[in-house]
Protein chains: 2
Amino acid sequence: MPGKLSNINFNDYKPLREVIFESLRQAIIMGELKPGERLMEIQFAEKMGVSRTPVREAIRKLELEGLVVMIPRKGAHVAELSVKDIIDVLEIRSSLDGLATKLAAERITEEELNNIKNNIQQFAQNMEKNNVQGLIKKDVEFHELIYKASRNEKLVHIATNLKDQIHRFRVVYLKDYSSPKELVKEHQDIYDALKKRDGIYAESLAGIHINNQQETMTTYFTKNKNKR
Amino acid sequence: MPGKLSNINFNDYKPLREVIFESLRQAIIMGELKPGERLMEIQFAEKMGVSRTPVREAIRKLELEGLVVMIPRKGAHVAELSVKDIIDVLEIRSSLDGLATKLAAERITEEELNNIKNNIQQFAQNMEKNNVQGLIKKDVEFHELIYKASRNEKLVHIATNLKDQIHRFRVVYLKDYSSPKELVKEHQDIYDALKKRDGIYAESLAGIHINNQQETMTTYFTKNKNKR
DNA sequence: ACTAAGTATATTATATACAAAATACTGTAT
DNA sequence: ATACAGTATTTTGTATATAATATACTTAGT
């Protein structure tokens, strides 16, 4: 068989519902669809030039993921984000990041350690350039790298979901209230612990790292209470 | 307004898709639908006397929950359970049970503590009667009580999902390989720590509790390796 | 018997249709 | 103006229809 053909994947068909699912999901995570905003099937179907059926199926999945709330016979709307919700998510993340980092300390490869090293470097570069969007991206990536190194797919899945649930909000507060310098220091410390394969220390550092974020976030909310 | 009427909830309408979702979900968790078994829309639709539409929507949700795997254009089947999957789930549970128990130590009410006390008592009764089904039920309930006391709804949601993903399997191994006496002791210790509001100790006990289950499970698999 | 091509059947993916409920609108009475 | 009843419109929930793909079933050739 000619080499070229073997590179083509004939099985990359993706159902419409999946495309729509990812599209709506992204729109919610990125804040284009605001919390509380109604999701009307016909509207999306027409905008995308498809029928209601695949849109409905996409919304069902988003509902289970917690990004969308359904009220029978009334329809779906983007899930609201209360302060309690965000604290709840960060509480869980603190624990799961600890676990992921502990597992990563046992299972991470040299290559993966290098990827993390590079990530920290790039984070620092974005910091110098005052590139907030880039900072967020690299911060998200840092945690993804560690989760992947844990070799626990379900853990990756849950963490991704939790991260996405509060991403809309992170964009807001990370911009104004966190200090990237501290973040980069914390990332560096975690990396060092991973490199030394010190699971217990890495675990506690990761937990503290998220707890710090929780505090930053709480500060943000007490200062901006009036805006709500 | 007459008192009687106010007790009636006119808003208890549940869409068919939800009924079907829960029904299929239960069938998978309880093992009536076996891992790998195909889920064909028409079949279920006819059996339940409905159209394919609500069945499809139910399956989409089950897919996101991880109980069902979809292959485009080929259909859905009940997710298989590898040993790795179960270890992964228990790894996460160990961490989350620790978290839930720590939080519960801070937030649990006297009434909830009593419920746990009763639960342990009932567990012991089932043990004397050699009632395996009852044991499993009370064991599940014990953990549910603690999760609820954590006052973190998302944590409850995730833990429920994880629990259900491996429930089919638990039924098998808990019957033959775990020693209820140790379980009751561990539950009792966790209860004592909660009562004393000793979060740190309660957390570590809860983690160990799940790790023990993981070991029991590993033993089960090494002994039954040939059967697979 | 075993394979391969061709055909029939079953199943999924999507679109459309229709009933029932929710929402928006309109006009009337106060 | 405000509240309310009644109607029109929109939207959801479910059923059905249709096209495309996948699976099962022949049957011819070896």
Side-chain angles (χ1 to χ4, degrees), chain A residues 1 5 8-25 27-28 33-80, chain B residues 1 5 8-25 27-28 33-80:
Chain A
M1 198 187 273
L5 272 178
I8 299 172
N9 184 4
F10 288 100
N11 258 39
D12 60 357
Y13 164 78
K14 220 182 228 180
L16 268 179
R17 63 163 187 274
E18 289 301 319
V19 179
I20 297 167
F21 170 69
E22 280 160 28
S23 157
L24 286 179
R25 193 166 185 285
I28 293 172
L33 294 169
K34 301 265 180 311
E37 193 170 335
R38 262 187 95 181
L39 300 174
M40 276 178 301
E41 297 162 8
I42 303 173
Q43 199 175 300
F44 286 110
E46 283 180 359
K47 195 181 287 177
M48 298 173 146
V50 298
S51 81
R52 280 172 57 211
T53 310
V55 176
R56 282 180 70 81
E57 295 184 10
I59 291 176
R60 295 301 160 268
K61 291 178 71 170
L62 291 168
E63 184 201 3
L64 199 102
E65 209 177 5
L67 290 173
V68 153
V69 175
M70 294 255 359
I71 301 170
R73 282 178 185 152
K74 292 200 176 171
H77 60 263
V78 179
E80 309 265 3
Chain B
M1 198 187 274
L5 272 178
I8 298 173
N9 184 3
F10 289 99
N11 260 38
D12 60 357
Y13 163 78
K14 218 183 230 181
L16 268 180
R17 62 164 188 274
E18 289 301 319
V19 179
I20 297 168
F21 170 69
E22 280 159 29
S23 157
L24 287 179
R25 193 167 184 285
I28 293 171
L33 293 170
K34 301 268 181 308
E37 193 170 335
R38 263 188 93 179
L39 300 173
M40 275 178 301
E41 296 163 8
I42 303 174
Q43 199 176 302
F44 285 111
E46 284 181 358
K47 196 182 287 178
M48 297 171 147
V50 298
S51 81
R52 282 173 54 209
T53 311
V55 176
R56 282 180 72 80
E57 295 184 9
I59 291 177
R60 295 300 160 270
K61 291 178 69 170
L62 291 169
E63 185 201 1
L64 200 103
E65 209 177 5
L67 290 173
V68 154
V69 174
M70 293 255 359
I71 301 170
R73 284 178 183 152
K74 291 201 177 174
H77 60 263
V78 179
E80 308 266 3

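Here is the naming used below: chain letters follow the sequence lines, and residue numbers restart at 1 for every chain.
Nucleic acid contact for B:Arg17: sugar-phosphate only, since backbone atoms but no base atoms lie under 4.0 Å from a heavy atom of the residue.
Of all the residues in residues 35-43 of chain A, A:Arg38, A:Leu39, A:Met40, A:Glu41, A:Ile42 reach under 4.0 Å from DNA chain D with at least one non-hydrogen atom. The stretch residues 56-64 of chain B touches DNA chain C through B:Arg56, B:Arg60, each having a heavy atom within less than 4.0 Å of the strand.
Look at A:Tyr13 and you'll find a side-chain N or O under 4.0 angstrom from OP1 or OP2 of C:dT14. For D:dA15, one of the phosphate oxygens OP1 or OP2 lies less than 4.0 angstrom from a side-chain nitrogen or oxygen of B:Ser51.
Using a 4.5 Å heavy-atom threshold, the side chains of B:Val78 and B:Lys34 count as separate. The closest side-chain heavy-atom distance from A:Arg56 to B:Arg17 is below 4.5 Å. Between A:Arg60 and B:Leu64 the shortest side-chain heavy-atom distance does not fall below 4.5 Å. Side-chain contact between A:Leu24 and A:Phe44 is present, with at least one heavy-atom pair separated by less than 4.5 Å. Contact check for B:Met48 versus B:Ser23: side-chain heavy atoms found under the 4.5 Å cut-off. Using a 4.5 Å heavy-atom threshold, the side chains of A:Glu57 and A:Ile20 count as separate.
For the pair A:Phe21 CZ and C:dT14 P, the computed distance is 15 Å after rounding to whole Å. Note: CG (B:Leu16) to P (D:dG13) measures 11 Å, nearest angstrom. Residue B:Phe44 contributes atom CZ, which lies 11 Å from atom P of C:dT12 at whole-angstrom precision. Taking atom CD1 of B:Ile71 as the reference point, atom C1' of C:dA13 lies 16 Å away to the nearest angstrom. Note: CD1 (B:Ile20) to P (D:dT14) measures 8 Å, nearest angstrom.
Between the side chain of A:Arg38 and the main chain of A:Lys74, a donor-acceptor pair closer than 3.5 Å is present.
The side chain of A:Arg73 has C:dA21 as its nearest neighbour among C:dA21, D:dT21, C:dT14.
Across A:Pro72 and B:Tyr13, no two heavy atoms sit closer than the pair CB-CD2, 3.8 Å.
Nearest-nucleotide positions on DNA chain C for A:Glu18 and A:Pro72 put A:Glu18 closer to the 5' end. In terms of position on DNA chain D, the residue among B:Arg52 and A:Met70 whose nearest nucleotide sits closer to the 5' end is A:Met70.
Using a 4.0 Å cut-off between charged nitrogen and carboxylate oxygen, B:Glu18 and B:Lys61 count as a salt-bridge pair.
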